[in-house]
Asks: 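Quick one: the structure is below, questions incoming.
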Number of protein chains: 2
Amino acid sequence: MKPSTCQKNCQNALRVADQLCQGRGVRLTPQRRQVLEILCDHHKPMGAYDILDLLKSELPAAKPPTVYRALEFLLEQGLVHRLESLNAYVSCIHPEHPHASQFLICRDCGEVRELESRSVDRTLDSALKACGFAADSQVIEVTGRCLRCTERDPS
Amino acid sequence: MKPSTCQKNCQNALRVADQLCQGRGVRLTPQRRQVLEILCDHHKPMGAYDILDLLKSELPAAKPPTVYRALEFLLEQGLVHRLESLNAYVSCIHPEHPHASQFLICRDCGEVRELESRSVDRTLDSALKACGFAADSQVIEVTGRCLRCTERDPS
DNA sequence: AATTGTTATGTTATCACATAACATAACAAA
DNA sequence: TTTGTTATGTTATGTGATAACATAACAATT
């Protein structure tokens with residue numbers, strides 16, 4: 001994807017976020033929007049303190065709680081995801097519909113892809129049902145090499 | 001499970017660990033064994049510093065690296081698992097054969113169960129294959145309420 | 001038994017991630 | 001304009017993990 005296209009996607013993602021929040025009657029304040037923008041611009045997993053460093057260039061008074069509060073809001077609204085195995089955060093590709101999170105994390109290029117496999121979802125659900133476990137959240141994170149990196153350097 | 005039975009299982013788990021390590025030509029040193037014993041005794045997710053506190057009663061000089069080194073070894077040998085969504089560690093039920101980790105974590109009683117669903121495994125594998133992703137590790141962690149807790153208090 | 005390479009442990013300091021607690025400010029509804 | 005609520009500012013600290021370097025234990029030789 002060309003930089004210009006990516007820029008465009010980011011702008012678009014922010015517009016979608018604006019609309020979603022407006023529709024839900026919640027406030028995407030400037031700080032929250034800035035944090036989301038940072039995550040959208042990179043679209044790589046970023047640690048809270050990485051975000052903080054970038055945020056400081058726009059908001060020098062920013063401190064850890066500033067970032068964590070924004071992240072808390074964005075997570076609640078499904079606009080970003082948390083990657084448990086990296087202690088990191090990434091913006092959501094399509095926040096307009098909720099989905100169980102399934103992530104493929106490339107250890108070479110750092111790209112994070114959302115798998116969204118309905119069949120994985122269904123299979124896991126039925127396994128949970130079979131043993132009487134009432135799930136309220138699930139984490140699926142696979143680390144490895146993405147197709148592009150494998151093709152670039154098949155080793 | 002009665003305490004006596006649990007005790008027995010713990011002793012058994014340690015013996016199995018001894019044998020596995022001997023067979024592999026690696027050393028289950030006293031420190032490593034003590035950490036494993038602590039995890040087996042509880043068989044709940046425990047943080048590294050929880051383990052450290054208990055370890056100190058036997059080994060007062062223990063410090064964070066003491067625990068983390070033991071955990072590193074035990075993880076390598078498949079004797080314990082790390083729960084990414086809790087930053088915690090738990091002893092493995094059957095270390096004798098390797099398996100992709102799939103955990104059910106009860107938020108009420110804290111029990112951790114290994115799901116080991118072959119169908120989930122297969123479904124995920126084929127989804128990964130379909131998009132050309134070469135996995136080298138995977139995390140599946142489901143948080144919710146176990147059957148026992150649901151039956152005890154259906155709310 | 002002495003040498004030597006390797007693996008394990010001891011020790012200090014510090015990094016990285018996250019939140020508690022309390023004060024102030026902005027907002028929105030009456 | 002008051003009042004309740006939500007958001008932000010600020011300080012400090014809690015929690016999880018590792019870097020870096022020194023020493024000790026072990027195991028395989030000669």
Side-chain angles (χ1 to χ4, degrees), chain A residues 17-18 21-39 44-56 58-77 79-90 105 110 139 141, chain B residues 17-18 21-39 44-56 58-77 79-90 105 110 139 141:
Chain A
D18 284 329
C21 288
Q22 190 160 40
R24 292 172 189 168
V26 295
R27 296 166 57 203
L28 187 62
T29 62
Q31 287 189 12
R32 293 166 173 173
R33 203 171 190 278
Q34 280 165 26
V35 168
L36 179 58
E37 187 170 14
I38 287 169
L39 284 169
K44 294 261 160 94
M46 299 184 73
Y49 282 71
D50 298 334
I51 297 169
L52 178 57
D53 285 342
L54 293 174
L55 185 60
K56 272 180 173 162
E58 299 171 87
L59 195 75
K63 303 212 164 36
T66 316
V67 171
Y68 282 104
R69 283 164 178 166
L71 287 172
E72 184 185 17
F73 172 85
L74 297 169
L75 287 167
E76 276 169 0
Q77 298 303 321
L79 297 169
V80 315
H81 297 292
R82 174 179 160 81
L83 298 171
E84 296 292 344
S85 59
L86 298 178
N87 292 331
Y89 305 84
V90 68
I105 304 165
V139 173
E141 295 176 15
Chain B
D18 284 330
C21 288
Q22 191 159 39
R24 293 172 189 168
V26 296
R27 296 167 56 204
L28 187 61
T29 62
Q31 287 189 12
R32 292 167 174 173
R33 203 171 189 280
Q34 280 163 26
V35 168
L36 179 58
E37 188 170 13
I38 288 169
L39 283 169
K44 294 262 160 91
M46 299 184 72
Y49 283 71
D50 298 334
I51 297 170
L52 179 56
D53 285 342
L54 293 174
L55 185 60
K56 273 181 174 161
E58 300 171 87
L59 195 76
K63 301 207 165 39
T66 317
V67 171
Y68 282 104
R69 283 163 178 167
L71 288 173
E72 184 184 18
F73 172 86
L74 297 169
L75 287 167
E76 276 170 1
Q77 298 302 320
L79 297 169
V80 315
H81 297 292
R82 176 180 159 80
L83 298 171
E84 297 292 343
S85 59
L86 298 178
N87 292 330
Y89 304 85
V90 68
I105 304 165
V139 173
E141 296 176 15

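Numbers restart at 1 for each chain; the letters A, B, ... are given by sequence-line order, proteins then strands.
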Asks: Between CD of B:Gln34 and CG of B:Leu36, what distance do you get to the nearest 0.5 Å?
Replies: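 That separation rounds to 11.0 Å.
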Asks: What's A:Arg69 touching, base or sugar-phosphate or nothing? Going by heavy atoms closer than 4.0 Å.
Replies: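 Contact class for A:Arg69: base.
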Asks: What are the two closest heavy atoms between B:Leu39 and B:Tyr89, and how far apart are they?
Replies: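 Closest heavy-atom pair between B:Leu39 and B:Tyr89: CD2-O, 3.5 Å.
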Asks: Nearest to the B:Thr29 side chain among C:dA8, C:dT11, D:dT8, which nucleotide is it?
Replies: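 The answer is C:dA8, which lies nearest to the side chain.
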Asks: Is there a donor and acceptor pair, one atom on the side chain of B:Tyr68 and one on the base of D:dA19, closer than 3.5 Å?
Replies: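 Under the 3.5 Å cut-off, the side chain and the base do not form any donor-acceptor pair.
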Asks: Please name the pair of heavy atoms, one in A:Leu74 and one in A:Arg32, separated by the smallest distance, quoted to 0.1 Å.
Replies: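 In terms of heavy atoms, the two residues are closest at CD1-O, 3.8 Å.
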Asks: Within this structure, what is the CZ-to-P distance between A:Arg33 and D:dT8, rounded to whole angstrom?
Replies: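 In whole Å, D:dT8 P and A:Arg33 CZ are 14 Å from each other.
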Asks: Nearest to the side chain of A:Gln31, heavy atoms from C-beta on, is which of D:dT8, D:dT11, C:dA18?
Replies: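 Output: D:dT8.
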Asks: Would you mind telling me which of D:dT8, C:dC27, D:dA17 lies closest to the side-chain atoms of A:Arg27?
Replies: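 From the listed options, C:dC27 comes nearest.
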Asks: Roughly how far, to the nearest 0.5 Å, is the CD atom of A:Glu72 from the CZ atom of A:Arg82?
Replies: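 So the gap between those two atoms works out to 12.5 Å.
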Asks: Rounded to the Å, how far apart are A:Gln77 CD and D:dT6 P?
Replies: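 Those two atoms, CD and P, are 13 Å apart.
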Asks: How far does CZ of A:Arg27 sit from CD of A:Gln22, to the nearest 0.5 angstrom?
Replies: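 With rounding to 0.5 Å, CZ (A:Arg27) is 13.0 Å from CD (A:Gln22).
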Asks: Once you round it to whole Å, what is the distance between C1' of C:dA16 and CE of A:Met46?
Replies: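 So the CE-C1' distance, A:Met46 to C:dA16, works out to 15 Å.
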Asks: Could you please name the option among D:dG9, D:dT18, D:dA7 that lies closest to any side-chain atom of B:Pro65?
Replies: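 Closest nucleotide among those given: D:dT18.
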Asks: Measure from the side chain of B:Arg32, starting at C-beta and using heavy atoms only, and say which of D:dA17, C:dA8, C:dC17 lies closest.
Replies: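 Minimum distance to the B:Arg32 side chain belongs to C:dA8.
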Asks: With nearest nucleotides of DNA chain C determined for A:Arg82 and B:Ala61 from heavy-atom distances, which residue corresponds to the more 5′ nucleotide?
Replies: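 The residue closer to the strand's 5' end, by nearest nucleotide, is B:Ala61.
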Asks: Here's a test of your reading of the structure: between B:Phe73 and B:Asn87, which maps to the more 5' nucleotide of DNA chain C?
Replies: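 Its nearest nucleotide being more 5', the pick is B:Phe73.
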Asks: Which whole-number value in Å describes the distance from A:Ile51 CD1 to C:dC17 P?
Replies: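 Roughly 10 Å, once rounded to whole Å.
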Asks: Over how many whole Å does the gap from B:Leu83 atom CG to D:dT15 atom P extend?
Replies: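 Nearest whole value for this atom pair: 19 Å.
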Asks: Can you tell me the distance, in whole Å, between the CG atom of A:Leu75 and the C1' atom of C:dA18?
Replies: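 Computing the A:Leu75:CG to C:dA18:C1' distance gives 13 Å.
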Asks: May I have the distance from A:Leu86 (atom CG) to D:dG16 (atom C1'), rounded to whole angstrom?
Replies: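 Answer to the nearest Å: 16 Å.
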Asks: Return the value, rounded to whole Å, for the distance between atom CG of A:Asp53 and atom P of C:dC17.
Replies: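 Taking atom P of C:dC17 as the reference, CG of A:Asp53 is at 11 Å.
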